[in-house]
*Asks:* 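The structure is given below, and queries will be raised subsequently.
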Amino acid sequence: MPMLTLKVRIDAGEAVVVVGRAAWALLELLAAGNVGCTYIDNPAPRWSGYIYELRKLGVDIDTMQELHGGPFAGRHARYFLRSRVTILKKIGGEP
């Protein structure tokens, strides 16, 4: 199966191509809506890296720090998609 590839329009800009885990993260952000995404609810090894790649493409994403408990208590980021993203084409990934 080919690597997940998305052709998207961000806000009213030109179409861009997003591939791999960054494309997966964008789909997760779109699905999450106003709830946002965090690695606790949407496990993935490098959320911050995916967010960095998406921001380089012009995607507006807000970050909010949240506290969490447990044996490794601390903070984690929750990401919120603020750009209007239109998927023009999807190749690969799960059906």
*Asks:* Just say parallel, tilted or perpendicular for the rings of W24 and W47, cut-offs at 30° and 60°.
*Replies:* tilted
*Asks:* Where is the tightest heavy-atom contact between A25 and Y50, given as atom of each residue plus distance?
*Replies:* CB-CB, 3.7 Å
*Asks:* Does atom CZ of R82 have more than 12 heavy-atom neighbours from other groups under 6.0 Å away?
*Replies:* yes
*Asks:* Do T63 and R55 pair up side chain to side chain, a donor and an acceptor below 3.5 Å, judged on atom types alone?
*Replies:* yes
*Asks:* Please test V18 against V59 for side chain to side chain contact (heavy atoms under 4.5 Å, CB included), starting from the C-alpha separation and ending with a verdict.
*Replies:* CA-CA 11 Å; V18 187; V59 181; over 6 Å; no
*Asks:* Between atom CD1 of I61 and atom OG of S83, what is the distance when rounded to the nearest 0.5 Å?
*Replies:* 7.5 Å
*Asks:* For T38 and A77, which heavy atoms make the closest approach, and how far apart are they?
*Replies:* OG1-O, 3.1 Å
*Asks:* Can you tell me if R9 uses its side chain to pair, donor with acceptor, with the backbone of G13 under 3.5 Å?
*Replies:* yes
*Asks:* Are side-chain heavy atoms of L4 and I91 found at a separation under 4.5 Å?
*Replies:* no
*Asks:* Before you tell me yes or no, could you show the steps for I10 and R84 under side chain to side chain contact (heavy atoms under 4.5 Å, CB included), namely the whole-Å CA-CA distance, both residues' side-chain angles and the distance that decides it to 0.1 Å?
*Replies:* CA-CA 6 Å; I10 302 164; R84 182 169 172 255; over 6 Å; no
*Asks:* Find out if a path of hydrophobic residues (ILVMFWY) with successive side-chain heavy-atom gaps under 4.5 Å connects L30 to F80.
*Replies:* no
*Asks:* Below 4.5 Å, heavy atoms only, C-beta onward: do Y79 and S48 meet side chain to side chain?
*Replies:* yes
*Asks:* What pair of heavy atoms forms the shortest contact from R75 to Y39, and how long is it?
*Replies:* O-OH, 4.4 Å
*Asks:* With rounding to the nearest 0.5 angstrom, report the CZ to CD distance, R46 to E53.
*Replies:* 8.5 Å
*Asks:* Which distance, rounded to the nearest 0.5 Å, do you find between the CG of L88 and the NZ of K7?
*Replies:* 6.5 Å
*Asks:* Take atom CD of Q65 as the centre, draw a 6.0 Å sphere, and report whether it contains more than 12 heavy atoms from other residues, nucleotides or ligands.
*Replies:* yes
*Asks:* Classify the angle between the aromatic ring planes of H76 and H68 as parallel (below 30°), tilted (30 to 60°) or perpendicular (above 60°).
*Replies:* tilted
*Asks:* CG/L6 to CG/L26 distance, rounded to the nearest 0.5 angstrom?
*Replies:* 6.0 Å
*Asks:* What is the distance from atom SG of C37 to atom CD1 of I51, rounded to the nearest 0.5 Å?
*Replies:* 7.5 Å
*Asks:* Looking at R78 and D62, does any basic side-chain N land under 4.0 Å from a carboxylate oxygen?
*Replies:* no
*Asks:* If you group Ile, Leu, Val, Met, Phe, Trp and Tyr by side-chain heavy-atom gaps below 4.5 Å, do V19 and V8 land in one group?
*Replies:* no
*Asks:* Walk me through whether V85 and L29 qualify under side chain to side chain contact (heavy atoms under 4.5 Å, CB included).
*Replies:* CA-CA 10 Å; V85 176; L29 287 163; over 6 Å; no
*Asks:* Can a donor-acceptor pair be found, under 3.5 Å and without considering hydrogens, that links the side chain of T5 to the backbone of M3?
*Replies:* yes
